Each structure stands twice: as structure tokens, then as C-alpha cells.
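Report on one structure; see the data block that follows.
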Amino acid sequence: QVQLAESGGGSVQAGGSLRLSCAVSGYDISDKCLAWFRQAPGKEREGVARINRNDLQEYADSVKGRFTISRDTAENTVYLQMDSLMFEDTAIYYCAATWRYCTGGYLSAVEKFDYWGQGTQVTVSS
């Protein structure tokens, strides 16, 4: 059974940092596409960052230069380092995985991801 478990969310002041983790079980991430999405109240789920089997990364324009996605295949875990956080980053953050080879456009393709975590809340106070 595939499970994705996010952790690391919390409350932080604007300008601060958080590091989210997503521990994956039952699924080898080394050859998968992994991504982070977020959903703010009243808004649709949006892609934040993704990394593919070749470690190629893609970021939403709103987080470029502030967020970094990475993975540790030995730990079967994907991370999202979030720096210079802004009030607008407040949302529930979800990690997701798919066997597909993801290229450009996958951040806007929620339906292409097969597995999802339960989410972790990130709250940024201004």
C-alpha cells in the first residue's frame, strides 16, 4: 500500500522559513515524479514544485527563488525548503507522486498524479 505522509508544517512569521518533508512508503521514489501542491481556503489546488527521475525541477512563478524541492532516495523522502515566506504562501501543502515521466506542465496537471498525502498546514503571519 502506497502512503505519503507530510510533516513540517506550522506557523511562521513573514520572512521566515519552513522545511516540509514527505515520507513515502510502499513506492520507490527513485524513478518517479514527485511534486508539492498547495490549496488555500476558497482557492483551487495549485502546483508549487516538482522533481522528476532526472532531478529536473520546475517551480511555480510565485515561489521561484524562494522554494527548493529535493529528494533523498535512500530515505524515500521528498522535501520542500521554503524561505522568505509570505502571507500569500498560507495554505495546506500536499505532496504527490506519479509513475509518469513529468516534464513541463505537470504543475498544472493535478489529475496526472496517482498518490497524495493528507496535507500539512502552513500559516504565515504578516
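Computed from a prediction, not measured in an experiment: that's the story for all the values here. Just so you know, these numbers use all the heavy atoms, side chains as well, and skip hydrogens, waters and symmetry mates.
- Contact check for Gln3 versus Gln1: side-chain heavy atoms found under the 4.5 Å cut-off.
- The hydrophobic cluster around Val110 extends to Phe37, Ile92, Tyr94, Tyr106, Phe113, Trp116, counting ILVMFWY residues whose side-chain heavy atoms fall within less than 4.5 Å of a member.
- Here the side chain of Lys32 pairs a donor or acceptor atom with the backbone of Asp28 at under 3.5 angstrom.
- Transitive grouping of hydrophobic side chains (ILVMFWY, heavy atoms separated by less than 4.5 Å) brings Trp99 and Val2 into a common cluster.
- Within the 4.5 Å cutoff, the side chain of Asp83 has no heavy atoms near those of the Phe67 side chain.
- At least one donor-acceptor pair closer than 3.5 Å links the side chain of Thr90 to the backbone N or O of Val124.
- Not a single donor-acceptor pair under 3.5 Å links the side chain of Arg50 to the backbone N or O of Ala96.
- Partners of Tyr27 by ring pair (Phe, Tyr, Trp, His ring centres under 6.0 Å), not counting sequence neighbours, listed by chain and number: Tyr115.
- By the 4.5 Å heavy-atom criterion applied to side chains, Val24 and Thr77 are not counted as neighbours.
- The heavy-atom pair separating Leu34 from Ala97 by the smallest distance is CD2-CB, 3.8 Å.
- In this structure, the side chains of Arg100 and Cys33 stay at 4.5 Å or more apart for every pair of heavy atoms.
- The shortest distance between side-chain heavy atoms of Glu88 and Ser126 does not fall below 4.5 Å.
- Side-chain contact between Val78 and Trp36: present, with at least one pair of heavy atoms (C-beta onward) separated by less than 4.5 Å.
- A side-chain donor-acceptor contact under 3.5 Å links Thr120 to the backbone of Gly9.
- Side-chain contact check for Asp89 versus Met82: every heavy-atom pair is 4.5 Å or farther apart.
- Glu6 places a side-chain N or O within 3.5 Å of a backbone atom of Gly119 that can act as its donor or acceptor partner.
- Residues Tyr101 and Asn52 bring a donor and an acceptor atom of their side chains to less than 3.5 Å of each other.
- Between the side chains of Tyr79 and Gln81, no donor N or O sits under 3.5 Å from an acceptor N or O.
- The shortest heavy-atom contact between Ala91 and Ala40 is CB-N, 3.8 Å.
- Proximity of Gln118 to Leu4: side-chain heavy atoms (C-beta onward) are nowhere separated by under 4.5 Å.
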